Structures are given as C-alpha cells and as structure tokens.
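Accompanying notes for the structure given below.
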Amino acid sequence: MNIVKTVNGEETTLAVEGRIDATNSKELQDAIIGSFQTTKNLVVDFEKVAYVASAGLRALLLGHKTAVSKSGVMKLIHVNDDVMEVLRMTGFQSALHIE
Amino acid sequence: MKHRKLGMKALAGMSFLAVIIAVTTCLTIDIRYKKERMSEYNNMAFSYARAAAEYIDGDRVLSYIQTNEEDDYYRGIRNFLEISQRQTDLEYYSVFVPYENDLVYIWDVGDEEGVRSLGYHEAYMEGGKEAVSAVFCQNPPQKMSITRDETYGYIASAYSPVFNSAGDPVAVVGVDLSMPGIRRGLFHFLMAVILSVFGVIAVSMGAFYVFIRKNIIIPIDRLNKAAKDMVGSLEGEDTFHVEIHTGDEIEELSESFAQMNLELREYLKKLSAVTAEKERIGAELDIATQIQADMLPSIFPAFPEREEIDIYALMDPAKEVGGDFYDFFMVDDKHLAMVIADVSGKGVPAALFMVIGKTLIKDHTKPGRPLGEVFTEVNRLLCESNKEGLFITAFECVLDLSTGDMAYVNAGHEPPFIAGRNEGYHVRSVTPQFVLAGFEEMTYETGELHLAPGDRLFLFTDGVTEATNTAEELYGMERLELVLCANAEKNPQELLQTVKQAVDEFVGEAEQFDDITMLGMMFRKKKDNLTLRAELASLETVTDFVNRFMDGCGYDNKFQTQIDIVVEEIYVNICSYAYPDGIGDATLELAAEGDRLTLTFTDSGFAYNPLEREEPDITLSAEEREIGGLGIFMVKQIMDEITYQRIDGKNVLKAAKYTEK
C-alpha cells in the first residue's frame, strides 16, 4: 500500500494505492488520524484501492469519528464497485461520506 | 472281392500260358512223332516188300500167269506171305505183274475183302500205274504212295521189284498198310501226349498257384492288413508286426513297411510335440494377454479416496496382445500422471515393447521432474534397446490437483480432448514432437495446460479414429467429437463406454484392425491446503496461496475479492485470538468443486466459536458504531454456508460460497 498525502488549505487529501489489509491498515489509520492534527477536513481517494478488509474499515471508522470530534469532515471518493460492496455490506455506505 | 483279384489274375495268366505251352508241345510232339512213325512204317513196308521180292524166284513167276496153275512152290510162297501178313500189321501182301493197262495178281493175301486170286486182272488205282512204273527198275524209290480207293480204302503202299536170274524185273511185291490204322495209332499217341501234358501242366499250375499264394498273395494280404492296422493305431501303442520270410522283394517290402511304420511314428511324435508346443505357446500368449491386462490399472474407481478426480480407461486389443497402453498413477500426493501410448506394430513384439515403454515412463516420472526431461530420458533408453525399429507415440500429462496446472509432453500422439465445465469437448491443439524410440538424440519440451475444477480430459489412440467400417470409412475425429459432445455430461466411465459402443456400432461386421484405447478423466475438485505459523506477517503468503488457487477456476474479480476478505478476516482472527502466547499453527484448506468453493480453517488454539459473537448493528451511525466485530460479520455476509466445529481439540471453521447464487 502506498499513500500520497497532499494538503490544500483546511483539507488534506490522501490518495491510497493498493490493498488495505490487516498488515497495513495501521499505516492508513495513522495517516488518517495524523491528518486531523493539521487540517479539519480529509478526503480519502480510493481510486486505486482494489481491496479493503475489516481492518481498513476500522481505520475509516476511527477517522470518521475523529473528524466528527474535531467538527471536520472525512470524505471517501472514487470508491470502486468491489470496495463499495464491502461498504454496503457493513452499513458503512450510509454511515460514511462517500462521493 | 478286391483282394482276391491278384490270385485270379495269376491263375488266368498261368492258364493262358499253360494252354499255349500245351498246344505247342502237343503240336510239336505230334508232328515229330507222326514223321518218325511214318518213316518207320515206310521202312517196315519196304523191308517186307524187299524180303518177299528177294525170296520169290523171279524165273518161275511168269509161268504162273501163263498156266494159272498153283503148284507146291506157289502154295509155299502163299503160305509164307500169309504168315508174314498175319504176324504184322500189313493190310495186303501181294505179288503182281504190271502191264500196260492193268496188272495181274500172282499172290495176294490180306484180312479184308478184295483179296485177289491168281491171274486176276485189275485196273490201276489212281496214280497206281505211275507208282508201279517208277518201281519197275533197278533202283526203285523207297517212299510209300498213299491212295484212297473205293475198293481198298485209305492205304499206304510200298512196292519192290522181283528180278529174274537175268536181273530184269518181272513182277512187283506190293505191301499195303491201312492208313486209318496208322492214324488211329497216331491219334492214341497224341491223346496220351495231350493228357499227360495237360496233366503235368495242371499239376504244376496248381503247385505254382499254391506257391504264388504262399509267397506273394498271402504276404501281400498280410502287409495290407498290417498297413491298415498301422494307420489305425499310429497314435497308440506300436502293434505293427509282419512275419514275412519269403527272402525276396516282398520281404524287402515288408521291411520297408516296418521302417516306414517306425519313421511315421517318429514323425507323429515330433508332430505331436510341435502341436503341444504350439498349444503351449497359445496358452502362454493367453497368460501374456492377462499379464498385459494386469499391467494396466483396471480397478475402478481407481482412487476412491481422491475426491478430486474421477478417472476411467479401457483398452480393447485387436489381437491377443496389443501394442496400446494407458497408465495413470499418483506421482505424489498432489500430482496425477496420465499416459496413453501406441506402439507401432502388433502382437508380441509390440506388446513386449509396450511393457518396456510403460515401465520406463512410470519409473522416470518423478515429482517435480519436467515431463520433457522424462521423455528425453525414456527415448534415450528405448533407442538403446530397439533393434527392431519399433516406435511409440505417447502422450503424458501430470495434473497438479491443487492448482489444475497440467504439464504434458506429446511424442507424436493424438491431441487430447478437453471439455470445460458445462461445456462440450474440443481438441486441444498440443504441438506434437517426435515419436519415442525413433531417434536417440531427441529432446522433448514440456508443455503447460490448465484445468479448472469440472474440466474433463479425454485421451485416445488412433484405434478409435481409424476404426474402419465395412465401407472402408474411418471413424474420424468429427464423429468422435460429436459423440463426446453429445455425452459431455457423463462421467468418464459412462462416456468411454458410450464412445466404445458408438465405435463398435460404426465398425459393425468389419474386422477390428487396431487396439482401441481411451482414457477419460474428470477434474472434479481442486483441493489444496496450507499450514503455517499463525502470525499476521504471513497474511500475504496466505492471500497469495488463495489467489493462486482461485486463478484458473474461472471466478470473477468480485468473487475473488470477497473470498480474499473472508480469508483475511478469519486468518487475522486466528492470529489475534487463537493462541494467547502468540505461537501456534493455522491450516487453510481450499476446495473447488463445481460452482462451490469451500474454505476450511483449522487451528489448535483454545476453543472459540466466532459465529457466536454478537453481531454489530450496522444500522447505527458511524459515531455510535463499535470498532470490532466487523470481520466475522463480513464473513457471514459473504459466504453462503458457514459452520464451526471443535474436533480433536481443534477449531474447524468451514465456509462455502457458490459462484452462481
């Protein structure tokens, strides 16, 4: 997994590439939590994410909760069908901001 | 009656010969005897004639004619003549004087009538005058004249002149002999001769017949009988025995017969030995056929414990022992090898070569060894022991039951048919290489195919496609493909039997020229497992293993991604919770069968049933959501079946998903 971080004013964008599994979800989680230390809003670009397991979902949920606690917003963009199916299955589709 | 012919022939022949001999003998004797008798009669007649002529006094003869008076001398002479005539066979004894026109009797004596008195004039008999004139000289002929006369009958006459003292002939003495008398004597003699000749001949013929019978006919009959008995008893005890001691060719013939009997028996003995040898060879060929059949795996199901595969094969040899063979065996726990081959030629040489080929291929097929290398080595070894110029076309493939990868090598053999799951059979073009045992330096390349679970394989020899019917048509690839596709849903055993039946129906009454050999295999289930230390760091190994397994099963991306998630969630679960001290193994077994994929996770950690865990409420808002519990929840969502069992101190979690649900 590879994460490219770009900061644009109050918004940080994390472009994630690769598989998000139990071995690397901590990395994503740290990147997400870390972003809220500098900016209020976070955009997570999943265009190049083909796979997300529950560990990745936990990172997203934690990120969402952090955003809420900091009155910020976390958005998921460019989610492909397979990952969307996982989000739908777990109810994250409605719980998270997905564009 | 047949066997009496020889005797009859001999008898007839001898009779003919005897008659000729007898007739010739009789004639010869008769002629010879007659001549001598006549000469004797002649001499006798003349000697009487001469005796009388000399005794009679010529000077007194004429006086009796003149006087016609009988005196004492006259009576003395008559007495002499009468005594002489009575003492002999003379018919007439007379003395007469010949004149010009007649003759005048002086003395005449005889038994019969016609005895003339003194001075009786009588005319000459026919030819009498000439005969008498011829005699009336100094040297009369000494041959009797024979005449037939009404008065005197059939007589022979001898004449002798009577001379007077002056030496002139004055009268003739005539001696007549009766020819019938002479003839009667001759006839009696002839009769005696004939009787004795025929008697002798009959006796000798009888003796000769007896001789022939004893020395020829009876020995030949014996030989004949012995020969008949010999023919009847040639195969039994030697009872041939002929007692013939004729000391001639027949004895020799009997010896030849005895020799022939011995030689015939010897020959028959050899013949029966040869026949027995042939029967023995036939019996051994039957055994060879049985051994050959036993060499081919023929117990089905072949691997009842292997649910991954269903395999069936059959060989129908054209002759007693065939040159085709098939083989299949497990190279190791995960690899199934299948071979089909056809040795050039037929009968025993092909069968022997087949045994070598089959053994070599099986021996050299080792786990992990590329098939190209196997065939290269087998080819080299076959070339070493191939002076007969035989060769083998062969196809070998080794299927990895855990991956579906199938390595193959094709040495000039027919390409395989492969059918995808729920599809028909199609020829899979595989590049043929050179036949085995053809050329020592040959190297063979390994080819790669892939079978998905549910795929089927059909291997065959040219005996199938080149089966010929009475119209000289070949069965051919098209008919084969049609029958395969029409029966694609059948299991290998049913399929092969159906194909065999179709070929048999096609061939009909025509003779089967080549072995018909087929092998069918269905890759029912792909199965693989992985055991490793349960730790998060190995997650990639696990997912790689799973993805490798699923590749080639025909699953779509979404299906594979979901399975990835399930595997990860369960595996992470085991890594995180099964072993409190963090050290322990986990085993994952994958099985693809039909449209069902089964995952089985086993660990030896403490008993824990993740299915009993309370499910998270996914309707809650993100803020209210718990962090944990999502993994197992997703597993339940994705999989169609999931069960947990605690077996032998192990946690066994089994989850299955169908592709088309």
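Just so we're clear, the structure is a prediction, and the values are computed from it rather than from any experiment. Chain A is the first sequence line, chain B the second, and so forth, proteins listed ahead of strands; every chain is numbered from 1.
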Engaged part of [X] at the chain B interface, taking heavy atoms whose separation is under 4.5 Å:
X      : answer
S94(A) : neither
V83(A) : neither
D82(A) : side chain

Atom [atom1] of [X]: over 12 foreign heavy atoms under 6.0 Å:
X       : atom1 : result
K654(B) : NZ    : no
E540(B) : CD    : no
K48(A)  : NZ    : no

- Query: Tell me, side chain or backbone of T543(B) under 4.5 Å from chain A's heavy atoms, or both, or neither?
  - Reply: side chain
- Item | Heavy-atom proximity to chain A below 4.5 Å, by part of Q562(B) | side chain
- Indicate yes or no: at least one non-hydrogen side-chain atom of T90(A) is less than 4.5 angstrom from one of Q637(B).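 Not touching, per the 4.5 Å side-chain cut-off.
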Which atom pair, heavy atoms only, marks the closest approach of [X] to [Y]?
X       : Y       : answer
T561(B) : A50(A)  : CG2-O, 4.0 Å
A53(A)  : E569(B) : CB-OE2, 3.2 Å
F633(B) : M89(A)  : CE2-O, 3.3 Å

